[in-house]
Amino acid sequence: CRMGTDDLSVVDPLTMKAAYVEAGVMVNSGPFDGISSEKMRMEIVKQQHLYALVVEDDARWRVIYEGILAEAGYECRLAESYGEARGWLQRAVLKLAIVDLHLASSAERQENKDGFSFLRAARQRGVPAIVVSALGAPEDIDRAYEEFGAFAFVEKELFNRHTFARLAAEAVATAGRPEGEVKSTPPLADELTGREREVLALLTQGCTNRQIAEVLLITPNTVKKHVDHILQKLNASNRAAAVAVALRDGLTKLGESTR
């Protein structure tokens with residue numbers, strides 16, 4: 001759980017000492033020996049806060065990104081324009097940036113690609129960026145990756161919460177490595193359970209959740225959970241993408257007995 005500054009007054013000395021030790025600071029036998037309580041409190045705050053910047057001019061999407069990142073323990077800073085985003089980049093120590101390419105631009109309303117300008121600034125400061133866009137033109141995607149070093153490109157029309165959360169975790173985990181060293185994680189098909197393989201096989205046959213439930217004698221809600229797990233493990237944004245991966249990699253053979 002994250003700890004906010006309002007929670008510090010109820011932290012007992014032992015907990016505070018443990019947090020300080022975890023931060024790599026040596027302490028004496030007493031819980032506060034040689035260290036002021038205020039310094040210890042500030043260290044806890046520092047250790048507990050992971051800042052992510054969401055650069056998005058659509059309020060609905062800002063809420064979605066902030067919710068997902070908050071669940072992962074991030075405290076979000078929000079920006080609607082390049083100017084606001086650049087200010088946060090200047091003032092805060094950021095672990096991650098979520099960037100919409102097509103921000104409203106007062107200078108070039110027709111082009112509307114201030115996100116590229118922010119990607120350049122984020123790259124210079126070593127902040128990993130995940131690009132989100134409703135307009136996934138191939139030239140924009142190539143430019144985001146090749147010219148500005150984006151970690152991932154997410155199309156809003158194919159948005160998947162689990163995939164987004166996984167990409168955010170990977171982006172932070174690989175930050176600081178030399179460019180070219182980071183490799184994308186392959187689909188985790190080998191981690192599919194027997195039941196998930198059965199569900200996937202039935203998906204490739206065009207079955208609905210209710211139909212799958214009837215075949216496997218489970219509830220539709222259980223089927224939905226299996227489908228969610230399949231999407232995560234195959235790095236698929238939706239059912240159609242999961243079926244495409246299954247057909248490409250021959251995963252359908254795993255469930256032929258369910259027919």
Side-chain angles (χ1 to χ4, degrees), residues 56 58 60-72 96 98-102 129-142 144-145 150-174 182-259:
E56 169 65 67
D58 187 319
R60 295 168 300 178
W61 282 102
R62 287 200 301 273
V63 171
I64 292 173
Y65 303 144
E66 185 177 16
I68 297 172
L69 293 171
E71 290 177 0
L96 176 68
I98 310 300
V99 186
D100 183 358
L101 281 184
H102 300 273
I130 294 177
V131 175
V132 291
S133 179
L135 305 173
E139 57 270 24
D140 286 347
I141 297 174
D142 290 341
Y145 279 123
F151 180 83
F153 192 104
V154 177
E155 294 190 40
K156 290 181 178 178
E157 291 185 0
L158 302 176
F159 188 81
N160 178 275
R161 294 178 62 90
H162 298 299
T163 300
F164 180 82
R166 178 182 57 78
L167 289 173
E170 290 179 2
V172 173
T174 55
V182 178
K183 298 181 179 179
S184 59
T185 303
L188 303 178
D190 292 340
E191 295 186 10
L192 290 173
T193 66
R195 181 63 85 186
E196 289 166 356
R197 292 171 186 269
E198 291 176 333
V199 171
L200 179 58
L202 291 169
L203 285 177
T204 64
Q205 297 173 34
C207 295
T208 65
N209 283 4
R210 185 170 296 280
Q211 291 170 330
I212 295 174
E214 292 175 353
V215 172
L216 300 180
L217 301 178
I218 55 180
T219 67
N221 188 53
T222 299
V223 173
K224 183 179 182 301
K225 292 179 180 179
H226 285 313
V227 172
D228 287 342
H229 294 160
I230 290 169
L231 296 181
Q232 293 179 55
K233 293 179 180 180
L234 297 186
N235 190 18
S237 58
N238 52 42
R239 295 162 70 103
V243 168
V245 172
L247 294 174
R248 182 194 68 196
D249 296 345
L251 301 179
T252 56
K253 298 177 182 178
L254 299 171
E256 290 179 345
S257 61
T258 62
R259 295 180 182 178

Using side-chain hydrogen bond (donor to acceptor under 3.5 Å, both in side chains) as the criterion, list what pairs up with K225, not counting sequence neighbours.
none
side-chain hydrogen bond (donor to acceptor under 3.5 Å, both in side chains) filter on D58, not counting sequence neighbours, yields R60
Below 4.0 angstrom, N of the basic side chain to O of the carboxylate: do R166 and E170 qualify?
yes
Any donor-acceptor pair under 3.5 Å linking the side chain of R197 with the backbone of L192?
yes
For Y145, check ring-ring contact (aromatic ring centres under 6.0 Å, His included) against everything at least two apart and list the hits.
none
Side chain to side chain contact (heavy atoms under 4.5 Å, CB included), that's the test. Do E66 and E71 meet it? Break it down for me.
CA-CA 9 Å; E66 185 177 16; E71 290 177 0; over 6 Å; no
Looking at every heavy atom in both [X] and [Y], which two are closest together, and how far apart are they?
| X | Y | result |
| --- | --- | --- |
| V131 | A144 | CG2-CB, 4.2 Å |
| I98 | L69 | CG1-CD1, 4.0 Å |
| L96 | A171 | CD1-CB, 3.8 Å |
| T163 | N160 | N-OD1, 2.8 Å |
| L234 | A242 | CD1-O, 4.0 Å |
| F151 | L167 | CE2-O, 3.7 Å |

Can you measure from [atom1] ([X]) to [atom2] ([Y]) and round to the nearest 0.5 angstrom?
| X | Y | atom1 | atom2 | result |
| --- | --- | --- | --- | --- |
| E56 | R62 | CD | CZ | 7.0 Å |
| T219 | E214 | OG1 | CD | 12.0 Å |
| L158 | E155 | CG | CD | 5.5 Å |

Flag side-chain contact, heavy atom, 4.5 Å: R195 against L216:
yes
Student check: side-chain heavy atoms of K233 and T193 closer than 4.5 Å
yes
According to the interplanar angle, ranging from 0 to 90°, do the rings of F159 and F164 count as parallel (below 30°), tilted (30 to 60°) or perpendicular (above 60°)?
tilted
Only one of D100, V99, L101 clears side chain to side chain contact (heavy atoms under 4.5 Å, CB included) with V132; which?
D100
Among V215, D228, N209, L202, which residue satisfies the side chain to side chain contact (heavy atoms under 4.5 Å, CB included) criterion with V223?
N209
Does I218 form a side chain to side chain contact (heavy atoms under 4.5 Å, CB included) with H226? I'd like the steps, not just the answer.
CA-CA 11 Å; I218 55 180; H226 285 313; 4.1 Å; yes
Should the heavy atoms of other residues, nucleotides or ligands under 6.0 Å from CD of Q211 be counted, would the total exceed 12?
yes
Heavy atoms of other groups near K224 NZ, more than 12 under 6.0 Å
no
